[in-house]
Every structure is written in C-alpha cells, then in structure tokens.
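Computed from heavy atoms alone, side chains included, the values below leave out hydrogens, waters and symmetry copies. Below, chain A is the first sequence line, B the second, and so on; all start at residue 1.
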Number of protein chains: 2
Amino acid sequence: MDKVVDELELKKAGLAKDVIGEIAMSSDPGKTIKKWRALFRVSQKELSKELGVTSSVISDYESGRRRSPGILFLKKYVEALMNIEGRRGGEVLKGFLHMTESRSASSAIADIREFEKGVGLDEFCRCIGAQIIKSAEHPDEDLYGYTVIDSVKAITELSFSELSKLYGVTTRRALIFTNITTGKGPMIAIKVANLKPALVILHNIPLSEVSDVAKNIAGIEGIPLAICENVTLEEMVEQLKKLG
Amino acid sequence: MDKVVDELELKKAGLAKDVIGEIAMSSDPGKTIKKWRALFRVSQKELSKELGVTSSVISDYESGRRRSPGILFLKKYVEALMNIEGRRGGEVLKGFLHMTESRSASSAIADIREFEKGVGLDEFCRCIGAQIIKSAEHPDEDLYGYTVIDSVKAITELSFSELSKLYGVTTRRALIFTNITTGKGPMIAIKVANLKPALVILHNIPLSEVSDVAKNIAGIEGIPLAICENVTLEEMVEQLKKLG
DNA sequence: TCCATACTTCGATAATCGTCTAACGGATTT
DNA sequence: AAATCCGTTAGACGATTATCGAAGTATGGA
C-alpha cells in the first residue's frame, strides 16, 4: 500500500517537473501557466483559495505582469492544480499519469537514481561496503547518480542503442552490475558501447573470480572498478537510498 | 545545415527543461543548482561574468539564502552553463545530448508537438483545411497539441502498450492518421486501446471512402472526426507549425 | 435589467533582489 | 610561518518586485 502511494507521488512529482520546465522555457510563460490551469479545468478563484493568495496574483502571472515566478510559487501552483483536480476524481490527472507508465525503465534496470548533490567516490563505496580493485584517475570527482543493472536481462533485453538508457541524467554515475559470474561481459559491453561511467561496481563476486579481461578494460579505459561482496541486492538498494 | 542547428537547439532546450524542473522540485534547490554548475565544471566567477551579475548572486542561490529563483534567472543560468561549457569543447554537454537521441519518437510518429496555449477545434481544422464529419460534444474545448501518425507503421511497429506514446504531454490533442485506406483500423485501435483524443483527423481520404465502422466508433465514443483532403503530408506539417 | 461568475487592472505596502564590501578557509608561494 | 591567491560566503543598502484589496470589464444566464 505504502509503495503504491510512493509511486503515485513520484509520478506526480515527475509531471510537476515537466510542467515547470515547460513553463520556464516557454517564450510566453504566462500563457503556458494559463494553459496548464485550463488543462486541469480549475478556475483562478479556486486555485487562489487553495494557494492562499488572491486571485489577482494568478491573473498577474498569467497576463505576464509578473514575468518571472519563483520556483517555490510554481511548485505550489502545479501541486495545487493536481490536488484540486485529484479531489474531484482526477480524470485529467489519471490521463497524464497513465502515460508515464510506459516510461518506466526496462526490467533490466533494477534501480536508477540521480543525486541532488555530488557524492564522493569513497563515500559511495563505503555506503554499500564496496572494495576498490582498480583506482580512479581523478578520485576527487563526485558522482551524481547510479544505475543498478541485471546483466543477464540487459544482454537479452537491451538493444545496442538502448544501452545508453543505463545512463540516467548524467554520465558521472556508478554502474552497478548484478547477476554476474566474472564481470567480463559487462566490461566488454561498456567498451563496445563506448560508455565512460565514473565508477563500475560488480555485485556479489569474490575478488578471485573477477576476470582479468574486466580488470584490463577498466585499466585501459581509466574506469575505476570495485566489487561488492556479502550484500544482497535488496540490502544494497536500501543502503543506496541514504545517499545524495 | 539549418536543420542540424535547430535540432541541437531543441535538444538543449529539452535539457534545460529537465534541469529547471529538477531544481524546482528539489527538496534543496540551492544544492541542485550547485550540482549542475559542478557537473558542467564552471566556477561561480566565470558563470557570473557570463550572466552579467556578481558572483555573490550565484552564491546566494546555491546557499539557499535566496530561496526561490525566478524562471527568467534559471533559464539564463542553465543556458549560460551550456554556453560556457560548449565553448570549451562541450564534452559534458555532448554527454547529456547524446542520451536524448534514443528518446526520439518511433518512426511511426511523423510529427508531434505541444501548444503553448490552447487552440480552438475550428481554428485547428481551418489551419489544415480539414472538414468535420462527426461533430464534438464540447466544441468549445481547446486542443493543446497534436500527433501525426503513419497508421501502417504504427500497426507494424508499435506494441499495444506503446500506443500511449501517441499521446505526448496531454490527451487533449488531435491525432492525425496518414497512410490510411478507410480509417477503420485507426479507429479500432483507438477503441481497443481506450484512448480518448479530443479530435481525430483522417488524412488524404475522400468522404465516400470513410468506413462506417470508423464513423460509428467516433459517434459512440464521442470523438469528433474530420477528414483532410488534397493536402500532402509535408504541406500539412508545415501548416501545423503556425499553430499554438 | 439585474445578478452571478470569471477574470483584469492598478495603487500602496511589504518582501525580495542585486551590488558592494568585507571576510573566510584552503592551497600555493615566499 | 607569513604572504598571497582563489573561490566562496555574509552584512548592509538602494532598487526592484510581489502581494493585497478595491474597483473595473466581460460574459452569460434568470
């Protein structure tokens, strides 16, 4: 139950991101603000009541008299639209959220997240108890996200061009491969797809089993490599939530 | 050549949307602003020079002393980051833009766009010379975008769940089907996928050829239906650019 | 015509922004 | 150690902008 609510909230936040981004980059932000209010079929008065401001505030933003609404206002604005419409049955909201279903990652991606602030490479490894076996060229550069990949599913399900989905927003991230035997496959995939992650972690493999080919690729490409033993996938994902 | 530049600018604008949306919805906008500057490896000083403000302005936003940056500032902020880094070779920028390649629509979608403001149903039809053959329940409600679909490719390439990709941001849009014979296929697809577009246009088909099944589905589902004759796909796409 | 609803305009006041100045902490140099 | 540089942060002040509230227009019923 909790999880369903969380997913819904995540989707709503995702929609809000898109809306605010569109407003910000619009050539006429006021018109775009108005557009979204109209799409949710909410009146200025109803909205202003929900926001705790006068309706003239809404009007001023929509007319362009106030040219640069702050992000705190916009956040409240979009959330108020979704809340009002949601209370009335949420038909419009459902229409938007329905689309995001198909956006969900391929099942080969077990987890993917962006950090709000940079996380040090050492801090990242410490968090999940990973041990670095091939160190970085620039150990001081921060990470800004991670992707956990089931390497078997990735091979069977992802097309070559789809490999770039492993990169979320930024390439300065850790790629964590699970369900591996020697780590050779994932490192070859990284090489042929010309990916340059900031860190590669091989999950649940003893040091003695790590393929020499994997180590060599890491060395040549200058990609730091680490292994993470004696931690289940679930535990690791849980730990990673604490970062960033 | 022009087209390449346009596509690049579109991608950059898309990235800017994502960045601004992430900043706006972040629990700590200052940290997120800082994160993006760090990702582009630009100093406060360099950035402030590009923006024509003092570096303390940047500092204030990042520290959170100024809690709600306006969209005009954020737009300039993100564009400045991309410009500075782009001038230095744009390695980071290329990394981000590379990912957006795979986001491009399936080849079944010939064109897709969102309007910045609502467009009346009649205005839309007039723009491309379409003739309404099944009128709307609510003719006064505006459209907020359109999708042009090659119906043959849609059937061969799109999976059932992917049909929702036809809907861009909003469902209050026109779906324009090209490469059709009677319009029966597209309307059945709409019915089984439970889509409710605000308008369906059948491209390049005479009224006498329109299938009765198509008309009936439109009637039962309450979807306005129109046909668009004697206009090439290219001309239509060109005309549609003038809207919204 | 009157009334209700939805939205717009605009002046007075409160809040925020942008600049300048000064200071801080960490590196590097002397 | 002291001096210096660099990127960043904090205080104070005038300039700008946001908010409210009241009065206005526009539209569409009873």
Side-chain angles (χ1 to χ4, degrees), chain A residues 20 23-24 28-81 84-85 88 92 116-118 120 122 138-142, chain B residues 20 23-24 28-81 84-85 88 117-118 120 122 138-142:
Chain A
I20 295 175
I23 292 170
D28 189 338
K31 284 237 175 73
T32 308
I33 289 172
K34 188 171 191 164
K35 178 184 92 169
W36 282 99
R37 184 173 60 77
L39 273 168
F40 278 98
R41 299 163 200 274
V42 174
S43 75
Q44 285 186 344
K45 200 173 183 180
E46 199 175 2
L47 183 57
S48 62
K49 200 177 163 190
E50 177 86 12
L51 287 170
V53 298
T54 315
S55 64
S56 63
V57 173
I58 315 290
S59 173
D60 285 345
Y61 279 120
E62 291 183 356
S63 70
R65 184 192 179 200
R66 302 183 191 188
R67 291 184 295 171
S68 187
I71 56 169
L72 293 185
F73 176 84
L74 285 176
K75 192 177 171 187
K76 285 188 225 156
Y77 185 95
V78 177
E79 285 172 345
L81 284 180
I84 293 171
E85 211 272 338
R88 291 197 304 231
V92 177
E116 290 192 349
K117 53 175 182 170
D122 289 336
H138 307 287
D140 53 322
E141 293 197 328
D142 283 345
Chain B
I20 295 174
I23 291 170
D28 189 337
K31 285 239 173 73
T32 308
I33 290 173
K34 188 171 190 165
K35 177 184 92 168
W36 281 100
R37 184 173 59 76
L39 273 168
F40 279 98
R41 299 164 202 272
V42 174
S43 76
Q44 286 186 342
K45 201 172 184 179
E46 198 176 2
L47 183 57
S48 63
K49 199 176 163 189
E50 177 86 12
L51 287 170
V53 298
T54 314
S55 65
S56 62
V57 174
I58 315 289
S59 169
D60 284 348
Y61 281 120
E62 292 184 355
S63 70
R65 185 148 84 126
R66 300 183 190 190
R67 291 185 293 170
S68 187
I71 56 171
L72 293 184
F73 176 83
L74 285 177
K75 191 177 171 186
K76 285 188 223 156
Y77 185 95
V78 177
E79 285 172 345
L81 284 180
I84 293 172
E85 210 272 337
R88 291 198 301 233
K117 54 174 182 169
D122 289 336
H138 307 286
D140 53 322
E141 293 196 328
D142 283 345

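- Residue B:Lys76 contributes atom NZ, which lies 14 Å from atom P of C:dC17 at whole-angstrom precision.
- For the salt bridge (Lys or Arg N to Asp or Glu O under 4.0 Å) with B:Glu46, the qualifying choice from B:Arg41, B:Arg88, B:Arg37 is B:Arg88, the only one to do so.
- Note on A:Arg37: a side-chain N or O is less than 4.0 Å away from OP1 or OP2 of C:dC7.
- When heavy atoms are screened at a 4.0 angstrom cut-off, B:Ser43 is found touching the sugar-phosphate backbone but no base atom.
- In this entry the distance linking CG of B:Leu74 with C1' of C:dC17 reads 14 Å, nearest Å.
- Set against D:dC20, C:dG18, D:dT8, the side chain of B:Ser55 has D:dT8 as its closest nucleotide.
- For B:Arg65 and C:dG18, the CZ to P distance is 12 Å, given to the nearest whole Å.
- Rounded to whole Å, atom P of D:dT16 lies 18 Å from atom CZ of B:Phe73.
- Counting only heavy atoms from C-beta on, A:Tyr61 has its side chain closest to D:dA18 among D:dT8, D:dA10, D:dA18.
- Protein atom CD1 of A:Ile71 is 14 Å distant from nucleotide atom P of C:dT16, rounded to whole Å.
- Among the protein residues, A:Val57 comes within range of the sugar-phosphate backbone only, with heavy atoms under 4.0 Å from sugar or phosphate atoms but none that close to a base.
- Side-chain proximity of A:Ser63 to D:dT19, C:dT9, D:dT9: nearest is C:dT9.
- Using a 4.0 Å cut-off, some side-chain N or O of A:Arg66 falls inside it from OP1 or OP2 of D:dT19.
- For the pair A:Gln44 and C:dA6, the criterion of a side-chain N or O lying under 4.0 Å from OP1 or OP2 is not met.
- Nearest-nucleotide positions on DNA chain D place B:Lys45 closer to the 5' end than the other of B:Lys45 and B:Ser56.
- Looking at heavy atoms from C-beta onward, B:Tyr77 lies out of side-chain contact with B:Ile20 at the 4.5 angstrom threshold.
- The main-chain N or O of B:Gln44 is never found under 3.5 Å from a side-chain atom of B:Ser55 such that the two would form a donor-acceptor pair.
- Residues B:Val57 and B:Arg66 have side chains in contact (heavy-atom distance under 4.5 Å, counting atoms from C-beta outward).
- When the nucleotides D:dG11, C:dT8, C:dC10 are ranked by their closest atom to the side chain of A:Ser59, C:dT8 comes out on top.
- For B:Arg67 and B:Val53, each mapped to the nucleotide of DNA chain C holding its nearest heavy atom, the one lying further toward the 5' end belongs to B:Arg67.
- Checked against the 6.0 Å centroid threshold, B:Phe73 and B:Tyr61 count as a close aromatic pair.
- Between the CG atom of A:Asp60 and the P atom of C:dT8 there is a distance of 9 Å, given to the nearest Å.
- Taking atom CD1 of A:Ile58 as the reference point, atom P of D:dG21 lies 15 Å away to the nearest angstrom.
- Using a 4.0 Å heavy-atom criterion, one finds that A:Gly52 contacts the sugar-phosphate atoms exclusively.
- One can place CD of A:Glu62 at 11 Å from C1' of C:dA6, the figure rounded to the nearest angstrom.
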